[in-house]
Amino acid sequence: MSTDETTTVVAKPKPVKKLKPARKQVKAGDVERKETPQTGKEYNIWYNKWAGGDREDNYSNKVKSQTRCNIKKDSGLTRANTTGIRYCCLFFARGCCPYGWECDYLHTLPDPDNALPDSSKDCFARDKFSDYRDDMGGVGSFNRQNRTLYVGRIKETGPGPETEDIVTRHFKEWGEIERIRVLQYRSVAFVTYVSEFGAQFAKEAMACQSLDNDEILNVRWATEDPNPVQKVAEKRRLEEIGQEAIKARMDPRIVDAMRAVRALEDGDIVDDEGEVVEDQESGETGDPEPKRRRIELPPPQEAMSEPPPQPLGLLSADTMEGLKYFAEIRRRNGVSLAVVSPKIIPPKPLISGLGVADYGSDEED
């Protein structure tokens with residue numbers, strides 16, 4: 001006799017890959033620092049350019065970036081992993097950090113699940129402003145959560161889907177992408193990330209970089225989407241994020257107590273897990289019976305109330321009911337109302353005639 005024995009192979013979980021110390025992206029002197037050419041007589045510290053040199057700022061120039069970050073090779077441990085700093089290195093995102101594992105900031109992608117300690121700063125610890133710059137460059141604004149990037153100067157060599165695939169392949173390296181919209185024949189694309197941190201990192205990592213056709217990209221913040229459907233979706237997403245944040249900070253015992261109080265007010269029965277118990281048994285008609293109530297309803301005869309009294313005189317019916325209620329309380333407590341009797345003032349005697357005889361005379365005839 002032969003027996004067939006079946007063996008089950010259990011797949012072992014893949015071991016978590018440990019980060020190695022971050023490598024130095026560049027060496028001292030590898031990156032040539034080029035000063036902004038002077039095109040005017042006044043230097044604007046807000047836009048970081050000379051007045052009149054609109055085509056010579058950091059986001060509109062035609063000089064390609066000398067370095068580019070490679071997440072797979074450049075990510076690693078730094079001093080920030082020991083000190084607890086949550087901000088990323090700006091030069092690491094641009095691919096030109098010379099410190100490597102000695103850097104005081106993180107050399108990894110920002111974690112969208114871990115909130116930063118200060119919401120008025122971006123993932124690189126730079127202060128945001130109340131409004132965007134006119135050219136939609138710079139750090140951004142703290143008044144709006146912007147997850148969409150404007151990508152210009154794209155060289156289109158094929159149809160729209162092909163261009164979308166190229167943009168997706170280059171921008172998905174910096175975070176999870178929610179959607180991409182390509183404006184064909186206009187060399188423009190809009191990339192929306194799931195997290196705002198991904199958009200902040202990608203904006204610095206892809207500034208003045210190229211895709212597959214050796215172009216120089218113009219990456220800026222996108223303006224607010226005028227599509228009403230997207231506005232409603234964004235509002236709903238922010239509300240859900242707010243609700244989840246509130247639930248994460250609330251004590252679960254308080255939540256259970258609030259559910260129990262609400263169920264008690266509605267007359268429902270709550271189980272041990274805080275859920276409302278419903279009676280799913282169906283009657284002869286097949287319709288489910290209503291939920292069981294903790295408070296029994298009164299009989300129909302007792303539940304019928306008298307018709308509301310009609311208002312009489314100047315006082316309304318509610319006012320009369322209130323006075324009757326307080327009078328009943330006083331009667332039960334044995335407090336009698338003190339009735340103040342008005343004082344009776346005797347009437348003055350009537351005076352007949354002119355009253356001349358009432359006055360005496362100094363002389364007598």
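Formation of a donor-acceptor pair under 3.5 Å by the Ser210 side chain with backbone atoms of Ile216 is not found in this model. Asn146 contributes a side-chain N or O that, together with a main-chain N or O of Ala222, makes up a donor-acceptor pair within less than 3.5 Å. A side-chain donor-acceptor contact under 3.5 Å links Glu173 to the backbone of Ile71. Between the side chain of Gln200 and the main chain of Cys123, a donor-acceptor pair closer than 3.5 Å is present. With Thr148 contributing its side chain and Val191 its backbone, the two residues share no donor-acceptor pair below 3.5 Å.
The CG atom of Asp104 sits 11.0 Å away from atom OG1 of Thr82, with the distance rounded to the nearest 0.5 Å. For the atom pair Leu323 CG and Glu321 CD, the distance stands at 9.5 Å (nearest 0.5 Å). Atom CZ of residue Arg153 and atom OG of residue Ser187 lie 10.5 Å apart, to the nearest 0.5 angstrom.
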What side-chain donor-acceptor pairs closer than 3.5 Å can you find for residues 224-232, not counting sequence neighbours?
from	atom 1	to	atom 2	distance (Å)
Asp225	OD1	Asn227	N	3.1
Asn227	OD1	Val229	N	3.2
Gln230	OE1	Arg179	NH2	3.3

Contacts table for residues 159-169: side-chain donor-acceptor under 3.5 angstrom, sequence neighbours left out:
from	atom 1	to	atom 2	distance (Å)
Thr163	OG1	Pro159	O	3.3
Thr168	OG1	Glu164	O	2.7
Arg169	NH2	Asp212	OD2	2.5

Verdict with reasoning, Val63 to Cys208, per side-chain contact (heavy atoms from CB on, under 4.5 Å):
CA-CA 7 Å; Val63 178; Cys208 299; over 6 Å; no
Go through the steps for Leu217 and Ile154 under the test side-chain contact (heavy atoms from CB on, under 4.5 Å), then give the verdict.
CA-CA 7 Å; Leu217 299 179; Ile154 301 176; 4.1 Å; yes
Decide side-chain contact (heavy atoms from CB on, under 4.5 Å) for Tyr99 and Phe91; before the verdict, give the C-alpha distance in whole Å, the side-chain angles of both, and the deciding distance to 0.1 Å.
CA-CA 10 Å; Tyr99 298 105; Phe91 300 99; over 6 Å; no
Please walk me through it: do Thr67 and Gln25 pass side-chain contact (heavy atoms from CB on, under 4.5 Å)?
CA-CA 9 Å; Thr67 58; Gln25 294 174 308; over 6 Å; no
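With contacts defined as side-chain heavy-atom distances shorter than 4.5 Å, the pair Arg126/Leu90 qualifies.
Other residues, nucleotides and ligands place more than 12 heavy atoms under 6.0 Å from the CZ atom of Phe142.
A continuous path of ILVMFWY side-chain contacts below 4.5 Å connects Leu211 to Ile177, so both sit in one hydrophobic cluster. The cluster map of Ile, Leu, Val, Met, Phe, Trp and Tyr, joined by side-chain heavy atoms under 4.5 Å apart, puts Met258 and Ile246 in the same cluster.
With sequence neighbours left out, Gln209 forms a side-chain contact (heavy atoms from CB on, under 4.5 Å) with Ser65, Arg68, Met206. Applying the ring pair (Phe, Tyr, Trp, His ring centres under 6.0 Å) rule to Phe124 yields the partners Phe201; only residues at least two apart in sequence or on another chain are considered. Glu234 is linked by a salt bridge (charged side-chain N to carboxylate O under 4.0 Å, His left out) to Arg147, Arg237, counting only residues two or more places apart in sequence or in another chain. For Lys155, the side-chain contact (heavy atoms from CB on, under 4.5 Å) partners are Asn213, Glu215, not counting sequence neighbours. In this view, Asp127 and Lys121 satisfy the salt bridge (charged side-chain N to carboxylate O under 4.0 Å, His left out) rule, not counting sequence neighbours. Arg23 pairs by the salt bridge (charged side-chain N to carboxylate O under 4.0 Å, His left out) definition with Asp74, not counting sequence neighbours. Judged as a side-chain contact (heavy atoms from CB on, under 4.5 Å), and not counting sequence neighbours, the contacts of Met136 are Tyr132, Arg220, Trp221, Thr223. Contacts of Glu176 classified as side-chain contact (heavy atoms from CB on, under 4.5 Å), with partners at least two apart in sequence or in another chain: Val194.
Cys69 and Ala93 make their closest contact through CB-O, 3.4 Å (heavy atoms, listed as atom of the first residue, atom of the second, distance). Heavy-atom minimum distance, Leu109 versus Cys88: C-SG, 4.3 Å.
The pair Asp111-Arg86 does not meet the salt-bridge criterion, since no charged nitrogen lies less than 4.0 angstrom from a carboxylate oxygen. The pair Glu328-Arg332 meets the salt-bridge criterion, since a charged nitrogen lies less than 4.0 angstrom from a carboxylate oxygen.
When hydrophobic residues (I, L, V, M, F, W, Y) are linked wherever their side-chain heavy atoms come within less than 4.5 Å, the members clustered with Ile85 are Tyr87, Tyr105, Leu116, Phe197. Residue Tyr150 is found in a hydrophobic cluster whose other members, listed by chain and number, are Leu183, Val188, Phe190; membership requires side-chain heavy atoms under 4.5 Å apart, directly or through intermediates.
Ring geometry, His107 versus Phe92: the interplanar angle falls under 30°, so the pair is classed parallel (tilted spans 30 to 60°).
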